[in-house]
Amino acid sequence: MASALCALACERRLDREAALIGKGRLLVIDELGFLSLDADGARLLFQVFVDAYERQSVVITTNLESSWWGSVFGDDQMAAAVIDRIVHHGRLVQFRGESYRVRHALMQEG
């Protein structure tokens with residue numbers, strides 16, 4: 001009973017947090033793939049993308065090519081579904097060249 005009550009409380013909190021995320025006009029997901037996701041985290045992030053689709057502007061930063069997103073989500077089909085939603089209305093902006101942080105680092109070779 002205690003476990004069931006705890007799970008219900010967590011679900012309600014997640015529902016409230018998801019509702020708050022969905023109210024913004026702009027959703028920013030920074031450094032997608034920098035940290036690995038467990039199965040629950042991947043499903044939650046997938047749901048965020050599904051809920052945002054055609055309702056919110058989304059900015060995603062990542063150093064990973066989309067072909068690697070299956071490893072981020074732990075599921076190639078889930079990653080393909082997210083990518084499908086992104087490319088439908090999305091724009092890809094790639095930055096090439098030296099990292100801004102490296103160029104302006106306080107520690108320089110010398």
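Residue numbers start at 1 and run along the sequence shown.
- Residue pairs meeting the salt bridge (Lys or Arg N to Asp or Glu O under 4.0 Å) criterion with at least one partner in residues 62-88, sequence neighbours excluded, are absent.
- Put simply, Leu27 and Leu32 are part of the same group of oily side chains (I, L, V, M, F, W, Y) that touch within less than 4.5 Å, one to the next.
- Ile83 and Val59 fall into different hydrophobic clusters, where Ile, Leu, Val, Met, Phe, Trp and Tyr side chains are chained together by heavy-atom contacts under 4.5 Å.
- Rounding to the nearest 0.5 Å gives a distance of 9.0 Å between CD of Glu31 and CG of Leu64.
- Through side-chain heavy atoms spaced under 4.5 Å, either directly or across other Ile, Leu, Val, Met, Phe, Trp or Tyr residues, Phe34 is tied to Leu35.
- You'll find the side chain of Trp69 reaches within 4.5 Å of the side chain of Ile86, heavy atoms only.
- Side-chain atoms of Glu54 and His89, non-hydrogen and from C-beta on, do get closer than 4.5 Å to each other.
- For Glu98, the salt bridge (charged side-chain N to carboxylate O under 4.0 Å, His left out) criterion is met by Arg103, not counting sequence neighbours.
- Judged as a salt bridge (charged side-chain N to carboxylate O under 4.0 Å, His left out), and not counting sequence neighbours, Asp38 has no contacts.
- Other residues sharing the hydrophobic cluster of Phe95, ordered by chain and number and joined by side-chain separations under 4.5 Å: Val93.
- Follow the hydrophobic side-chain contacts under 4.5 Å out from Val72 and you reach Trp68 in the same cluster.
- Atoms CE and CG, from Met78 and Leu37 in turn, are 9.5 Å apart once rounded to the nearest 0.5 Å.
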Under 3.5 Å, which donor-acceptor pairs link side chains of residues 41-52 to any protein atom two or more places apart or in another chain?
{"residue": "Arg43", "atom": "NH2", "partner": "Asp40", "partner atom": "OD1", "Å": "2.4"}
{"residue": "Gln47", "atom": "NE2", "partner": "Asp51", "partner atom": "OD1", "Å": "2.8"}

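- Of the inter-residue distances, the one linking Thr61 atom OG1 with Asp30 atom CG reads 3.5 Å to the nearest 0.5 angstrom.
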